[in-house]
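Keep in mind the model is a prediction, meaning the values are calculated, not measured.
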Amino acid sequence: MQKAVTTRYEFDTGQHLSEPVRIAHVSDLHERDCSDILAMVREQKPDVIMVTGDTFERYDNRPQYEFYHRPVKRLIVNFLHYANYLCVLLMPEQKKASEEYVRSFLSEAVKIAPVYMSLGNHEQKLLDSDYSFLAENGICLLDNADMPLEIKDFRCILGGMSCWDYGEWLPRYLSKDGFKLLMCHKPDLYVREIADKGVDLTISGHTHGGQARVGRKGRGFFVPGQGLFGKYAHGSFFDGRLIVSAGCSNTVAAPRFFNPRELVIIDLK
């Protein structure tokens, strides 16, 4: 597993806060061993931990490349698929995943700070045992749902947006008064549905930083949902209102290049 780094952001809430509120933003665990990330979270002493999807692997993982109708895109995606398959053959240890890794991560994380979680595109079919585990460990799952949240003297409406079927919930959330903090796994959904709708701060993942960072500006090479050199692969956008994590793990065997795994720390001021 490649090294991990901590990336820090500050965000002005417009509220009078007697002291900063620290968010540890964790994304894309993908049932991998992220014990190093957990140690980094513990060291940062956050007030709250927010997990923005693709924590469990609960989806139909058969390749869906027949849906890429454009010839060039189909060629690129299939090339990446077979390149990853070759890497699995050469480096089989990169493929290992186990739900016990994320169960251990989450059960230890709640000992550090309260944990709030939203779902990603890899979590279409959570099991009853998953829901039971989250409830038993005091982890708050927001799946197309929101709640008032108070941390020290910071107050917000915390929302968790799914990657599908959000059409009935999202307008209700957007219409609410107050500081809105949204966990939205896919940054391309933010661009399409949320950017101009008055959400104060949105945190996302999904992109894995584009797998490889290219050029002086470090643009992600292949960004899910955005294609080659997609703009929103990692970093802060829309005047800081969208923060995208490069993710805590890999789901493919091909190594990252110039693109470390990432823990995001956001200090609200």
Side-chain angles (χ1 to χ4, degrees), residues 4-11 23-30 34 37 41 46 48-56 59 115-124 141-146 149 156-166 169-170 173-174 179-211 213 218-227 229-251 256 259-268:
V5 300
T6 300
T7 304
R8 303 177 184 278
Y9 300 94
E10 291 185 357
F11 188 87
I23 298 172
H25 173 206
V26 174
S27 191
D28 299 278
L29 293 172
H30 287 289
C34 293
I37 298 278
V41 172
V48 64
I49 300 169
M50 297 188 179
V51 184
T52 56
D54 281 5
T55 306
F56 293 96
Y59 74 115
V115 176
Y116 297 86
M117 177 178 164
S118 63
L119 297 183
N121 56 297
H122 280 231
E123 292 159 321
Q124 298 176 27
L141 174 62
L142 295 175
D143 179 22
N144 285 334
D146 58 85
L149 178 64
C156 72
I157 304 170
L158 177 63
M161 179 177 172
S162 293
C163 297
W164 54 88
D165 297 335
Y166 51 80
W169 167 76
L170 184 59
Y173 175 68
L174 295 175
F179 186 102
K180 287 186 278 292
L181 173 53
L182 178 63
M183 298 182 290
C184 172
H185 181 66
K186 291 183 174 183
D188 50 297
L189 286 183
Y190 174 89
V191 175
R192 190 165 68 244
E193 304 282 0
I194 300 163
D196 59 349
K197 301 291 176 34
V199 175
D200 296 278
L201 176 60
T202 300
I203 54 177
S204 297
H206 182 59
T207 65
H208 296 214
Q211 194 64 26
R213 297 183 186 179
R219 293 288 289 271
F221 171 65
F222 183 77
V223 185
Q226 302 174 48
F229 303 108
K231 181 177 180 179
Y232 308 104
H234 59 90
S236 174
F237 308 94
F238 295 91
D239 297 322
R241 290 181 285 113
L242 171 66
I243 294 176
V244 183
S245 168
C248 295
S249 73
N250 266 2
T251 51
R256 296 182 179 216
N259 175 33
R261 298 155 53 238
E262 184 175 52
L263 167 67
V264 170
I265 296 294
I266 305 168
D267 285 321
L268 303 179

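- At distances below 3.5 Å, not a single donor-acceptor pair connects side-chain atoms of T202 with backbone N or O atoms of L242.
- Checked by atom type, the side-chain pair S27/T52 shows a donor-acceptor distance below 3.5 Å.
- At least one donor-acceptor pair under 3.5 Å links the side chain of D54 to the backbone N or O of N121.
- Aromatic pair F238/Y190: ring centres closer than 6.0 Å.
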Inset, instruction - Under the side-chain contact (heavy atoms from CB on, under 4.5 Å) rule, what do R8 and V264 come out as? Steps first, then yes or no, please. - result: CA-CA 6 Å; R8 303 177 184 278; V264 170; over 6 Å; no
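- Distance check, rounded to the nearest 0.5 Å: CE of M117 to CD1 of I49 gives 13.0 Å.
- Distance alone, capped at 3.5 Å, places no donor-acceptor pair between the D146 side chain and the I157 backbone.
- Side-chain atoms of E123 come within 3.5 Å of backbone N or O of F56 as a donor-acceptor pair.
- How far CG of L182 is from CG of L158: 8.0 Å, rounded to the nearest 0.5 Å.
- Note that the OG1 atom of T55 and the NE2 atom of H30 stand 8.5 Å from one another [nearest 0.5 Å].
- Although no hydrogens or angles enter the test, the distance criterion places no donor-acceptor pair under 3.5 Å between the side chain of E262 and the main chain of S245.
- With values rounded to the nearest 0.5 angstrom, L141 atom CG is found 8.0 Å from M183 atom CE.
- Taking the six-membered ring for Trp and the full ring otherwise, the centers of H185 and H122 sit at least 6.0 Å from each other.
- Of the residues V51, L181, L149, the one that meets the side-chain contact (heavy atoms from CB on, under 4.5 Å) test with Y116 is L149.
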Inset, instruction - Take L201 and L268, measure what side-chain contact (heavy atoms from CB on, under 4.5 Å) needs, and give me the verdict at the end. - result: CA-CA 10 Å; L201 176 60; L268 303 179; 4.0 Å; yes
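- Checking side-chain atoms of R241 against main-chain N and O of A195 turns up a donor-acceptor pair under 3.5 Å.
- Side-chain N or O atoms of T207 include one that pairs as donor or acceptor with a backbone N or O of A233 at under 3.5 Å.
- A145 pairs by the side-chain contact (heavy atoms from CB on, under 4.5 Å) definition with L142, not counting sequence neighbours.
- With values rounded to the nearest 0.5 angstrom, L29 atom CG is found 5.0 Å from C248 atom SG.
- C184 SG to L189 CG: the interatomic distance, rounded to the nearest 0.5 Å, is 5.0 Å.
- No donor-acceptor pair under 3.5 Å is formed between the side chain of Y232 and the backbone N or O of V191.
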